[in-house]
Protein chains: 4
Amino acid sequence: MNDIAELLNSATTDLTWQRDFYRDLHTHPELSMQEERTASRIQAKLADFDCEVVSGIGGHGIIAIFRNGEGPTAVMRADFDALPVEETTGVEFASVAEGVTPQGVRTKLMHACGHDMHTTALLGCCALLDDLRDQWSGTFIALFQPSEENGAGALAMVNDGLKHLMPVPDVVLGQHIGPGAAGTVMSKPGPALTAADTIRIQIFGRSSHGSMPHLSVDPTFVAAMIVVRLQAIVGREIPPSEFAVITVGTLTSGNSNNTIPATANLVLNCRTYNDAVKHHLYAAVERVVRAECQASGCPQEPTFEYTDHAPLTDNSPEVFAAVRSNFDAVFGVDSIDGTPWTASEDFSQVPRAFGAPYLYWMVGATPRAQWDAAVAAGRVTEDIPSNHMSNFLPDFEPTVQASNLAAATAVLTYLKK
Amino acid sequence: MNDIAELLNSATTDLTWQRDFYRDLHTHPELSMQEERTASRIQAKLADFDCEVVSGIGGHGIIAIFRNGEGPTAVMRADFDALPVEETTGVEFASVAEGVTPQGVRTKLMHACGHDMHTTALLGCCALLDDLRDQWSGTFIALFQPSEENGAGALAMVNDGLKHLMPVPDVVLGQHIGPGAAGTVMSKPGPALTAADTIRIQIFGRSSHGSMPHLSVDPTFVAAMIVVRLQAIVGREIPPSEFAVITVGTLTSGNSNNTIPATANLVLNCRTYNDAVKHHLYAAVERVVRAECQASGCPQEPTFEYTDHAPLTDNSPEVFAAVRSNFDAVFGVDSIDGTPWTASEDFSQVPRAFGAPYLYWMVGATPRAQWDAAVAAGRVTEDIPSNHMSNFLPDFEPTVQASNLAAATAVLTYLKK
Amino acid sequence: MNDIAELLNSATTDLTWQRDFYRDLHTHPELSMQEERTASRIQAKLADFDCEVVSGIGGHGIIAIFRNGEGPTAVMRADFDALPVEETTGVEFASVAEGVTPQGVRTKLMHACGHDMHTTALLGCCALLDDLRDQWSGTFIALFQPSEENGAGALAMVNDGLKHLMPVPDVVLGQHIGPGAAGTVMSKPGPALTAADTIRIQIFGRSSHGSMPHLSVDPTFVAAMIVVRLQAIVGREIPPSEFAVITVGTLTSGNSNNTIPATANLVLNCRTYNDAVKHHLYAAVERVVRAECQASGCPQEPTFEYTDHAPLTDNSPEVFAAVRSNFDAVFGVDSIDGTPWTASEDFSQVPRAFGAPYLYWMVGATPRAQWDAAVAAGRVTEDIPSNHMSNFLPDFEPTVQASNLAAATAVLTYLKK
Amino acid sequence: MNDIAELLNSATTDLTWQRDFYRDLHTHPELSMQEERTASRIQAKLADFDCEVVSGIGGHGIIAIFRNGEGPTAVMRADFDALPVEETTGVEFASVAEGVTPQGVRTKLMHACGHDMHTTALLGCCALLDDLRDQWSGTFIALFQPSEENGAGALAMVNDGLKHLMPVPDVVLGQHIGPGAAGTVMSKPGPALTAADTIRIQIFGRSSHGSMPHLSVDPTFVAAMIVVRLQAIVGREIPPSEFAVITVGTLTSGNSNNTIPATANLVLNCRTYNDAVKHHLYAAVERVVRAECQASGCPQEPTFEYTDHAPLTDNSPEVFAAVRSNFDAVFGVDSIDGTPWTASEDFSQVPRAFGAPYLYWMVGATPRAQWDAAVAAGRVTEDIPSNHMSNFLPDFEPTVQASNLAAATAVLTYLKK
C-alpha cells in the first residue's frame, strides 16, 4: 500500500448523504441544456465545502475551485444531463419525469447513462479532498459539465470563457460508469473513446393524400431505403478490420395516417477510431443519401447538418502511467486494463482548450455476482444492461465508493504533498 | 331546363356572407376531435335559419333539421375537420394555426382537404332551402360531421344516438371538392371511393447506446425493412389488375442522436376496392412485419391495431339516376361522369346505419384555365395541387357556387313539390 | 345452331392422329430460335394436306397456303417454341429434354405454355378445312410462328419478307390455351394482352477478393437493391388503378464463392396497358438503376438494352362481333366473355405489318371438375396450374377439340360460302 | 549477414527458366479440381531434380521428396489452381482460356491470385536446394497443392492418404504474393489469415409467368432482400471492433425474361477471426434467410450447405521467431512486419493433419515505384490491384526472386547443416 492508498484508507469523511443525493438526481432527470434543477442541487451541496463556485457557464455548467496553497492544478470532471429514455428498472426511486426535446417531442426521461452517479461521486471527491486539505497542496477544481449527451456542453463551457474563470490545469481527469463488476476501475493509455459526429439529414419528397402515391414522392420510403443502405457502408466499404458504426438514432416521417408527408428526418450517429475511415464514411453517407433521393425523384436535394461533434478521447500515456500505479495501490486486483470503448465523449474538449494532458477511465457498475455469472456463461452481451438501456442501474454502494476513491486517487496523484 | 334548374336559377338568396365565412374557417383549421371553434361557427350561422339544431353529437357533430310538412327526408352531409399540414398557398388568409396530435406531436394545421368549402356550401344549401320553403315539402337535414380525417366521426355520431335524434332518411347525400375544372360536378353510380383501414404497428427491439449496436436489436432498421418490403406486396402479391395502396403515413423511431430506441412505430393506410384483395393485403402486411421482426431477432412480437376503418363508398344506381338528370339540367356540360376516386370516406356510415341509399359526388375546384392547360399538356398529375397537398386551394367563386347548387339540386330531387 | 355450327357438327374428318402428334411435341420441346425438330414435324404433317408450304421464314417459321377460289384471305396462327422450365407434371410423355440458352446456360425444357397444343390444333383446323373445301372459298393460311417466348418470331417472319410470300389477309386470327374450364372459349373486344418489353441491364462494379469488400464496388449488392426498389415503382409511382408489372426474370452475379464479381446482370420484363404508364415506368426503371449505381459508387454507368418488344394486343371490335356470334352458335354456354390477360404476345405483329384487323382469344385447358372445385372454393389462384408453371398440362381431349373448332369457326366466319 | 544469407547470396543456380515457366502457367489457367495441364508441367520440371515424386494425391496434388541424410523434415507448399476471372492486364501472355464451373457455367479463366508465381517459386526453391545439397541435411518436401480456391485441395490431399506418403514434418511453410512493394517479405506470429466458410443457400419460391406475379412467390425478390439484409448483420449485430465479412460471391435466379423462377441460389463467403463471432454470424445468416423466406410466404424452407471450410491460419510463434531472424538477415529492410490478412487459406490443413507447427508469410508483388506513389498519396486501396482483381499482375523479377529466396531461407532454417 502506498501513501495515497493509506491516506484514503484512513479517511473518515462522512459520505452517507450520497445515497439520498443520488436518488434525488435519479428521480429527477433533465434533458441536455435543461438541467436547471440538477445544477441547483449541485450548488446546494457545494455550499458545504470550502470552495469558490462559478455557475451558469455555457448553460448550467459549474466549477468549484478548491485553492490550497502552492502546487499544480488538477481538474476532475463529471457530467449531469439525462436521456429521453423511459425507465424500466422498477426501483422505488425510478424516474417518471417527462421533458420536451428541442424538436418539440414530449418524452419520458431517465438517467440511463449514469451521470447521476458521476455527479454524486465528484461531490464525494470534493468532500474527501476538503476534509484532507492538510494532506495536499495546489488547486483542485471540480468541473460539473452539462449537456454531454448532445456533445455540446464541454465546448459551450469553453466558449463561455472557461479559460478566464480558472487557472490552466496541469491535468484533466474524468470517469464513467458502465458494464463491469461493480467497483473495478478500468484504465488504459491511448485511444479510449471513439470520435463521433451526429449528421442530421432532411429528405424532401412531395406530399399527397395517402391514397394517391403516384402524385407524391414518398419521403418515408426514401428514408427507409437510406436506413437499409447505410449498413452496407459498414459491411462493404469500410475495411473489415476497422471500427465504424452508423446508427440511426432518430427517424421521423409523417404525422397522420392518410397523408404522405413532404419531408422525412434522419439523425445519424457515426463513430470511428481513424480519420481516413471517418472521411470515407461521411462521404459514403452523403453519396448514399443523395442517390436514394435521386432514385425516387425527390424534387429537392437533401440537406446535411453535422452536430454533436465528439473528438477522439486519447489518454495521455504519462498521465496514465502516473495515475495507474496509484489505482493499483488503492484498488488492488480491481484495478484492471480497459479496452477501447465504442462510445464517445466531449470530455476532451476542456483539456484540448487548455492544451492539458488528460485521463479518462471507466468504473464497473454491475452487481458483482451478476457480472461473474454472465462472464462464466459467455452472456455478457445478452444479460448485462448497458448504458442508455432502460434497465441500466448501477449497484450503488460499490460503484459510488470506487468512483469516489478513483477520483480522489487521480487528483491526489498530482496534488498529494 | 327543368323545374329544379329553373327554380335554382331564379333564386335570389343572399350568399355574399359565404366568402368571409369560408376564409374564417380556412384561417382557423382544427384537428379531428378538436373542432370546437369550427362547430361554434357553424351553429352561429345556423341561427340565421328556421331549423332545429342538435349539437355535440359524437364529439362536435351537428344536425340542423328543416321540417317543412309532409314528404320524404333527405340528408345532405358536410365534414369540417382539418389536417396536420403546413400551408404553403401564400394567400392572405392562409392558416398559421398549430395543434397537438393525439400522439402528442405539435404540428401546423391546414384545411388541405377542402372541408371548409364543404361546410360553407352546406350552409349555402341551407340558406337556399330555407328561402325556397314554399317550393318543397318534407324534411331536409343538414348534417355537419366532425373527424372525417381519422375516419371516426360518422360512426361516432351514429354511436352517440343519431338514430334517436332524427327521422329515418330516404336518401343521404354528400360531396367533396378536388382536382377538376372549378364548377364541374362529377358523378357516377357504384363504387366511388375505396375501402380503407389504418394499421398501427409497434415494433419491439432492444435499446442500447448508439455506439453498441451489437447490444441492441435496432427497431429503426426493422421498420425500414418493413417500409421497403410492403411495396412488394403491391408489386408481387396483388393481381396487377386490382387496386391496392399501402401508404406508410407515419414512421417514428427514436428521439435522440445516440440511443438506439427500444421501439418503432408505423402507421399504415391501406386501400382496396375488393374484399378478397383486402384480406390478402392485410394478411400479407402482418406476415411481412412479423417476419422482419424475426429476421432481426426482435425479443417480442409486433402489435397491430386496426383503426380508422372506412367502408367502400358504393353509390346507389337509383339515387344516381334520379339526381344525375337534375345535375345535367342545372350544370349542362359541367355535369360529367366521375371516375372512381382512390380516396376513402366514412360518409357511408350514416346511410349504412339507417339502411338508406346514398350518393356521393365530386366538385371540381381547380381554376379552369389552369386545369385546361394541364389537361392539354398532359400534366394534370404534375401540375394540379390535389387534396392534402400544402398548396391545395379551391377557386372560391365557381367552386362554392357549384357546391351550393349541387347540394340543393340533389336535395330538391327528393323534396321538390 | 347456325350454318357454321351445323357444318362443323357434321364434319367427319379423322383427327385421331392429334394425340400422338401432341405428345411427340410435348416430349421434345425446343427453345426459341432452335425449333428445328418441331418445324420438321409440322412440315411432315402438312404434307397430308392440299396446300403450298413455305418454310424457313424468319428462322423456322412456316406458312401453309390453302387456295380455294375467289374470296377473302384469312390467317390463323399458332406458335411452337418452348420454355426453359423443368417439367413436374409426372405424365409418361413428360419432357426430359435439355437445351442451352443464348446466354450459354444449360437448362431443362418444357412446353409449359401450351404451344404444343396450339400447333396441334392449327393442324387440326387445316385438316377440317382441307376436308370441307366445298363449303368455303377464298384463301386460308395456316401460319406457324417460332420464337414467341422471346417476342422475336413474328417480327422475324415479317422482316424475312412475309409480305412477299402470301396475299394481304383480310383478317388474322390467333388463340391461346390457359386456366379455365377445358373447352370454354373466352373472347373479348379491345385490349386483350399487355404491351411488354424486356430490359436487359448490366451493372458495373469493381471486382475484388471476397474477403476485401472495401476494395470492391459490389455489383451483387447494387443489383439486390435494384430488385428491391423496382417494386416500389409499382407501389408508389404508378396510379393504383393502372396495370403495371415489373418482373425480374433473371438475376445473375458472380460465379465463384470467394470473388466479388465486376458485373451483375438483370433481365426485366415490364407490362402495361397504357402508353403513358409505360413511358413513366421505363423512365423510373432507368432512374432507379442509375441512382443505385451512384449510391454504391459504381465506376461506370449501367447499360440498358430493350428487347423482346411485344405490342398491345387490341382486338378489332368488328372481327370480335363477327366471330363471337359464331362462337356462341358453336360452343353455346361455353362461349364466354374474356377478361384482359396479364400476358403479352407478339401475335399482333403480323396483322400490324399488313394493316389487317385481328382477333385473339383464349381456350380453357383445366380439367372441368378441378376448375369448378377451385372456383367454388375461391382458390383458382392457388390451385390451378397456370402457363409457364412446371405442372401446367392441358386436359387434352376437350382442349384440343375446342381449339380445333374455335380456329375453324373463326376462319369460316370469313370464308364460308 | 548470417550463414543462410551468405549461402543463398553466393548460390549460382540457374533460374532463368522461371520466366518462361511462369508465363506458360499464366497463359493456361485451370479451375480448381481441373488442373491437369498445370500438374503435368510441374511434374515435367521436377524431373530435372533429384527427388521422388508422388502425383495424383487428392486430385492433382503432387509431393516431391528430397531426401538428404539425417535431420528434420521441412515442407514448403505452393498452390496452383486459378480463378473464373476474365483477365484485363493486357500483357502479351494474358490468359484467354475458358472453363466450365462445377455449376455448368462457362467462364473465362485467370491466374488472378498469383498461384502461378507460387508454383514457379517453389520449383525455384527446389532448384536451389537441389543445387545446395551439401549444405543441408534432412528431408525437404515440396508440396504442390491443387484446389485452394474452393478450399478443398489441402484436405483432399490429407484424405487421400498423405500421411502414408511422406514422413511427419517438423515444420510446414507457405507463402502468398499480394499488394506490397515487390520483393518485400511480410511475416507475423499468430493469426495471419481468417477462418472462412462458404454457405450455399437455396431459396424455394413458386414459379409463374412473369406477367402474373400474384401466382408466384418470387424467389428473386427474396434473394435480393437477403443480400440487402445480410450486410446489416455486420453493421448491427457484430461488435464493431470485431472482424466479420459476409460476401455474396454468387447470386443466380431465373434464366428467361418472362418466367418467375421457382428457386434462387446464393453462395456466401463468411470470414472471421474469432469463434464467438463466427457462431453468431452463421446463426444470424440462417435467421435472416429463413425470415425473409417467411416474409414472402415461400412454400418450402430454404436449405443451407456449408462448404469450402478454411480454418484460421495461426502462425506458430516459435517458427516465426526462428524463420524471421533469417528473413531479416537475407532481406534486410525488406523483411517487415505483416498485418493480418482478410483472406483465408486451407494451407493449415496439412500441418493440422500432422500436428506440425507452421508459418505462412506474404511477399509483395507490386512494382515498387507504383507502391511508393500509392502509399505517399494515401491511395493504396484505390490504386493497387489486389488478388482476384482482373488486373492483378506481379512484378515478375523482384517477386520471383524474393519468393525463391524466402522459401529456401525458411526451409534452410530447419535443414541447414
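Here is the naming used below: chain letters follow the sequence lines, and residue numbers restart at 1 for every chain. Fair warning: this is a prediction, and the values are worked out from it, not measured in the lab.
Annotation for A:Glu149 and B:Asn257: closest pair O-OD1, 3.7 Å, computed over non-hydrogen atoms. Across all non-hydrogen atoms, the minimal contact from B:Ala343 to A:His209 is CB-CE1, 3.9 Å. Nearest approach of A:Phe221 to B:Val228, heavy atoms of both residues: CE1-CA, 3.8 Å. Across B:Gly210 and A:Thr247, no two heavy atoms sit closer than the pair O-OG1, 2.6 Å. The shortest non-hydrogen separation linking A:Leu83 to B:Thr259 is CD2-OG1, 4.0 Å. Taking each heavy atom of A:Ser386 and B:Met212 in turn, the nearest pair found is OG-CE, 3.7 Å.
Residue with the most contacts toward chain A among B:Cys270, B:Ser390, B:Ser256: B:Ser256 (heavy-atom pairs, distance under 4.5 Å). Taking chain A as the reference chain and counting heavy-atom pairs below 4.5 Å, the highest number among B:Val267, B:Thr307, B:Thr252, B:Ile260 is found for B:Thr252.
Annotation: side chain of A:Leu215 is in contact with side chain of B:Met389 (closest heavy-atom distance under 4.5 Å).
With no hydrogens or angles considered, no side-chain donor-acceptor pair links A:Thr101 and B:Asn255 at under 3.5 Å.
Of the possible polar contacts, none joining the B:Ser253 side chain to the A:Thr250 backbone as a donor-acceptor pair under 3.5 Å is found. Although no hydrogens or angles enter the test, the distance criterion places no donor-acceptor pair under 3.5 Å between the side chain of A:Asn269 and the main chain of B:Ser211.
B:Gln202 CD: more than 12 foreign heavy atoms inside a 6.0 Å radius.
With a 4.5 angstrom heavy-atom cutoff, B:Pro261 touches chain A only via side-chain atoms. Contacts of A:Pro213 with chain B are made by side-chain atoms alone, with heavy-atom separations under 4.5 Å and no backbone atom involved.
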